[in-house]
Amino acid sequence: MRRGLAIFLFINALIVTFLVHSVFTLLTLLIEDGSTDAIHSAEIPAPNSPLIDSLPQLIPKIIHQTYINESVPEHWREAQSSCIDLHEDYEYKLWTDAKSRELIATEYPWFLTTFDNYTHPIQRADAIRYFVLAHYGGTYIDLDDGCNRRLDPLLSYPSWVRKTAPTGISNDAMGAIPGHPFFLLVIESLREYNRDWALPYITVMYSTGPLFLSVIWKKYMASGADVGDGISGGRVRILMQDEYNRHAWSFFSHHRGNSWHGKDARFIFWMGRNWMLLTAGGFLAAAVVGMGLWWVYGRVLLLGQRKGGKVPWRQMPPFWRRHSQKEYELLNRHEV
């Protein structure tokens, strides 16, 4: 019996190890706060400060945005105009579906099949933003992000992304020099992560969206490439929530968005709000499954000892043997 128990525990340990290894990067995101590479308020000059002119400009003065066509919906035009009007000396590129496909077909033909075969249009909108930053450099901004102030201070870093809640980074506002190693890794990883996870929200998030970007970010940092702040630097700086959109001096303001979210997204958000309850339920379910496996394993051992195959249900011994009113011990199947 002891040998059988050891084998049972060993097999379960292997299963748990495999599962933990499969989601290890996701687990590490839970404790990653981005503070090591954070862009702190103290290093950002105030709007219109003469100190801004003393900062180096590494990222090109280009603003990238994406939409289906040139007809941006009315509820996003105010946010779009705020970025264009504040940056008259910046080049503005609106990547429509046609222009996006043309860039992929011309410059990245190895990705065209994946690009065309994405199930959800938002996946193409996600993917193209990584390609344009890797190719042209500049600053990508979602159409539902308005600009509160000029982006010049952010051009002094080789690359930046923003921190999101509860963990990881987002892809709605980010900037980079052309050919930055992080975004090269991102576009190279898109085909590997192109999988269907049944629920559209999870599929989008983990194939091209913020969760995908966060996982690649963690792998990038683990590789040791996240160093250097100059024009040839590989560091990815993190724009924290305060600097992103919480104050009048923050860089961005948030407008109506999330146009691609469906019913499954609302379910995921509900899960996020009730994560403690779900975690407790998960442990309870794991305990029930473990007890069930142990029950099945015990019956298999018993059947293996009985010649002739089947054993009547009533003749099968219990798991526990009673010694007294208060003491029980696990039954040794080899005694049967």
Side-chain angles (χ1 to χ4, degrees), residues 23-44 76 79 122-123 125-126 129-130 133 139-149 151 153-154 157 159-176 182 186 193 197 199-222 226 235-280 282:
V23 297
F24 181 76
T25 303
L26 292 176
L27 293 175
T28 59
L29 278 174
L30 296 176
I31 58 174
E32 177 59 62
D33 61 4
S35 59
T36 302
D37 296 306
I39 300 174
H40 298 286
S41 301
E43 61 184 286
I44 301 175
W76 283 335
I122 186 61
Q123 291 174 290
D126 279 336
R129 65 190 68 180
Y130 306 135
L133 288 181
T139 303
Y140 172 82
I141 308 171
D142 264 359
L143 281 172
D144 57 355
D145 276 323
C147 294
N148 265 347
R149 55 178 291 184
L151 303 174
L154 296 178
Y157 307 107
S159 177
W160 62 270
V161 292
R162 82 163 182 93
K163 184 75 172 61
T164 191
T167 186
I169 57 176
S170 184
N171 66 352
D172 58 353
M174 48 192 176
F182 172 63
V186 170
Y193 282 79
W197 295 94
L199 293 176
Y201 182 80
I202 296 178
T203 297
V204 171
M205 290 290 285
Y206 200 44
S207 64
T208 60
L211 186 55
F212 158 76
L213 189 67
S214 297
V215 169
I216 303 305
W217 172 55
K218 285 293 295 182
K219 291 184 175 181
Y220 181 75
M221 289 192 294
D226 187 35
R235 192 177 182 188
V236 178
R237 300 299 299 272
I238 307 300
L239 188 69
M240 306 303 280
Q241 201 69 37
D242 282 344
E243 289 71 34
Y244 169 57
N245 71 352
R246 284 184 176 172
H247 305 282
W249 47 264
S250 300
F251 284 97
F252 302 98
S253 59
H254 192 67
H255 296 243
R256 172 186 169 188
N258 302 327
S259 59
W260 61 275
H261 287 180
K263 293 181 179 179
D264 63 318
R266 292 193 289 272
F267 173 68
I268 298 298
F269 294 153
W270 176 87
M271 292 176 64
R273 292 192 297 269
N274 298 275
W275 67 271
M276 292 187 67
L277 175 63
L278 294 173
T279 300

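Along the sequence shown, residues carry numbers from 1.
Remark: Ala125 engages Thr66, Ile122, Arg129 in a side-chain contact (heavy atoms from CB on, under 4.5 Å) (not counting sequence neighbours). Every ring pair (Phe, Tyr, Trp, His ring centres under 6.0 Å) that Phe252 has, sequence neighbours left out, goes to Tyr244. Partners of Arg149 by salt bridge (charged side-chain N to carboxylate O under 4.0 Å, His left out), not counting sequence neighbours: none found. Under the rule for a side chain to side chain donor-acceptor pair (under 3.5 Å), the partners of Ser207 that lie at least two apart in sequence or sit in another chain are Gln123.
Counting all heavy atoms, side chain and backbone alike, Met240 lies closest to Gly34 at SD-O, 4.5 Å. Residue Thr164 comes nearest to Gln241 through the heavy atom pair CA-OE1, 4.5 Å, listed as atom of the first residue, atom of the second, then distance. Residues Ile44 and Pro153 approach most closely at CG2-CB, 4.1 Å, considering heavy atoms. Smallest separation of non-hydrogen atoms from Asn171 and Thr208: ND2-O, 3.8 Å. Between Cys147 and Ile141 the shortest heavy-atom distance is SG-CD1, 3.9 Å. Closest non-hydrogen pair, Ser253 versus Asn148, comes out as CB-OD1, 3.8 Å.
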Inset, instruction - Test side chain to side chain contact (heavy atoms under 4.5 Å, CB included) on Trp217 and Ile238 and set out the steps. - result: CA-CA 11 Å; Trp217 172 55; Ile238 307 300; 3.7 Å; yes
Inset, instruction - Would you check, one step at a time, whether the test side chain to side chain contact (heavy atoms under 4.5 Å, CB included) holds for Met221 with Asp37? - result: CA-CA 10 Å; Met221 289 192 294; Asp37 296 306; 4.0 Å; yes
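Ion pairing between Glu43 and Arg237 holds under the 4.0 Å rule for side-chain N and carboxylate O.
Rounding to the nearest 0.5 Å places CG of Asn245 at 6.5 Å from OG of Ser250. In this structure, CE in Met174 is found 10.5 Å from OG1 in Thr139, a value given to the nearest 0.5 Å. One distance of note links CG of Leu211 with CH2 of Trp197; it measures 10.0 Å at 0.5 Å rounding. Taking CE of Met205 as the start and CG of Leu199 as the end, the distance is 12.5 Å to the nearest 0.5 Å. Atom OH of Tyr140 is separated from atom CG of Asp145 by 8.5 Å, given to the nearest 0.5 angstrom. The structure places NE2 of His40 at 11.5 Å from CG of Leu239, a figure rounded to the nearest 0.5 Å.
For residues 246-255, the set of pairs meeting the salt bridge (charged side-chain N to carboxylate O under 4.0 Å, His left out) definition, not counting sequence neighbours, comprises Asp242-Arg246. The salt bridge (charged side-chain N to carboxylate O under 4.0 Å, His left out) analysis of residues 160-169, with sequence neighbours excluded, yields the pairs Arg162-Asp172.
Judged purely by atom type and a 3.5 angstrom limit, Asp33 uses its side chain to pair as donor or acceptor with the backbone of Ser35. When atom types are taken as modelled, the side chain of Asp226 and the backbone of Val236 share a donor-acceptor pair closer than 3.5 angstrom.
Aromatic ring orientation, Tyr130 versus Phe212: tilted (interplanar angle from 30° to 60°).
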